[in-house]
Asks: 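Have a look at this one.
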2 protein chains.
Amino acid sequence: MKPGERIRADIEGRIRSGEWKPGDRIPFEHELVRSYGCSRATVSKALEMLARAGLIERRRKAGSFVAHPRVHSAVLEVPDLAKVVAERGLAYRWQRLKREVQDGNVVVTGLHHAGDEPYCIEQREISLAAVPEAEAETFADEAPGTWLLKRVPWSEARHRISAVMPTAAEARLLGIPRTACLRIERWTWRGGDPVTSVSQLFPGDRHDLVADFAPGA
Amino acid sequence: MKPGERIRADIEGRIRSGEWKPGDRIPFEHELVRSYGCSRATVSKALEMLARAGLIERRRKAGSFVAHPRVHSAVLEVPDLAKVVAERGLAYRWQRLKREVQDGNVVVTGLHHAGDEPYCIEQREISLAAVPEAEAETFADEAPGTWLLKRVPWSEARHRISAVMPTAAEARLLGIPRTACLRIERWTWRGGDPVTSVSQLFPGDRHDLVADFAPGA
DNA sequence: CAGTGGTCTAGACCACGCA
DNA sequence: GCGTGGTCTAGACCACTGG
């Protein structure tokens, strides 16, 4: 095992095992340099990785300390619907219901189907200022999310997840009684300018979100 | 500005602006060493930070490339309920409803209140194998989540978020009609051994989850 | 098999923050 | 002040992998 990796694994193990508890100071860099017989850059890099992973906090003059666990944070994956449906072994289909232009946005409404059943109602706005090519696009055959993925580079996003009752019209579209639905809203910007926003509505019994959290992994 | 930071900001800017698109190769390390007039370690560290942030991918022999954006991932914060309630300017209160021991687990059911209204039903199991001190704890005055935070070191967790209809009994406890609720379930392990699991049920109109995503931030 | 990134050494100066 | 981590230089060897 490489020296840096060994140092990192050693310390991480002592933290995860509980041998070193939140708040404890871990050895100074120069002490680790001596005990592991390697250069300071190597030790420093190992500690930096642990700090990035959130396992330790580093303070000048004071040293490095085992961090107190964050209350709870997790990486939430909001995957491509076509992929989710395919992984369940069902046929995926996009059905556009409406497309119009309003206030400089293309507004598209449609249904994602899994097998023969409706799976999600999507309402999306795309800013023509940010994505002028959207003007010429019908979104009849391809969901706007999939289309956008190919064109839009890196961006920032905010998600909001809530539980709502569907309106009568929404329940009819989804082919379900008026029962709890999961709503995922997402707003996307690039450089502060809005790119797109989307609201997706899922029958509560057919969709959920899973988020894993393994610090340092 | 420090050299490493400048290199990083430069490249990040070109990616975020769209000047360098997903799939584009960025200059080799040795080219950046020449053009910025600094050491390879500095360049390497800057690129490594960008790689960790997910903005670039590095491949031996081939070079470093602007990454294709992940479909959607976001950091979901699942904060302490007492804190959430306090931030809304409401009084927080925990009310234990039941505590029993079953199959080596302490099972606690209770209500989180915001102001004078019920805010969340919590059902929790705590493994006595992982947390033996829980045996002596009544959880009458302190919610088990808060209590655990102080005692349990680093752990892994999985979250599941779904929309459900409350049972009649749940609706009565929450003081709401039978309308959509958000359910958050969380399973926690340490070193592969289960520590605790919890199911929280919120009235859909009183709680939602927000997750931000700014790659590299 | 040549060139890339991955990792390492052995030094150095600096900025911060506690005393 | 002074010791800590933060950052940097100028080298070096190695492992992987694409051409």
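Proteins come first, then strands; the chains are lettered A, B, ... in the order of their sequence lines, and each starts at number 1.
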Asks: Does Thr42(A) make a side-chain N or O approach to OP1 or OP2 of dT9(C) shorter than 4.0 Å?
Replies: yes
Asks: Between Arg40(A) and dT9(C), is there a contact of a side-chain N or O with OP1 or OP2 at under 4.0 Å?
Replies: no
Asks: So, using side-chain contact (heavy atoms from CB on, under 4.5 Å) as the criterion, who are the partners of Glu117(A) when residues are at least two apart?
Replies: Arg206(A)
Asks: Under 4.0 Å, heavy atoms only, any strand: does Arg60(A) hit a base, just the sugar-phosphate, or nothing?
Replies: base
Asks: Where the side chain of Ser64(B) is concerned, which of dC8(D), dG5(C), dG5(D) is the nearest nucleotide?
Replies: dG5(C)
Asks: Starting at CE of Met49(B) and ending at P of dT7(D), how long is that distance when rounded to a whole Å?
Replies: 8 Å
Asks: Could you check how far CZ of Arg25(B) sits from P of dG3(C), rounded to whole Å?
Replies: 14 Å
Asks: Taking CD from Glu48(A) and C1' from dC8(D), how many angstroms apart are they, rounded to a whole number?
Replies: 13 Å
Asks: What is the separation between atom CG on Leu50(A) and atom P on dG5(D), rounded to the nearest whole Å?
Replies: 13 Å
Asks: Could you check Arg160(B), Gln200(B), Gln123(B) and say which one makes a side-chain hydrogen bond (donor to acceptor under 3.5 Å, both in side chains) with Glu185(B)?
Replies: Arg160(B)
Asks: Measuring from the side chain of Phe28(A) (C-beta onward, heavy atoms only), which nucleotide among dG18(D), dT4(D), dT4(C) has the closest atom?
Replies: dT4(D)
Asks: Would you please classify the geometry between the Phe202(A) ring and the His207(A) ring as parallel, tilted or perpendicular, with 30° and 60° separating the classes?
Replies: parallel
Asks: Does OP1 or OP2 of dG3(C) have a side-chain N or O of His30(B) closer than 4.0 Å?
Replies: no
Asks: Could you check how far NZ of Lys45(B) sits from P of dC8(C), rounded to whole Å?
Replies: 14 Å
Asks: Distance only, no hydrogens: is a donor on one side chain within 3.5 Å (strictly under) of an acceptor on the other, for Trp94(A) and Glu142(A)?
Replies: no
Asks: If only side-chain N and O atoms count, and only distance matters, is there a donor-acceptor pair under 3.5 Å linking Arg124(A) with Thr196(A)?
Replies: yes
Asks: Could you pick out which residue, Gly63(A) or Lys61(B), lies toward the 5' side of DNA chain D when each is mapped onto its nearest nucleotide?
Replies: Gly63(A)
Asks: Please tell me which of the listed nucleotides, dT7(C), dG5(C), dT9(C), lies nearest to the side chain of Ser44(B)?
Replies: dT7(C)
Asks: Which whole-number value in Å describes the distance from Arg59(A) CZ to dA15(C) P?
Replies: 22 Å
Asks: Can you measure Leu47(A) atom CG to dG5(D) atom P for me and round it to whole angstrom units?
Replies: 8 Å
Asks: Rounded to whole angstroms, how far apart are CG on Leu32(A) and P on dT4(D)?
Replies: 12 Å
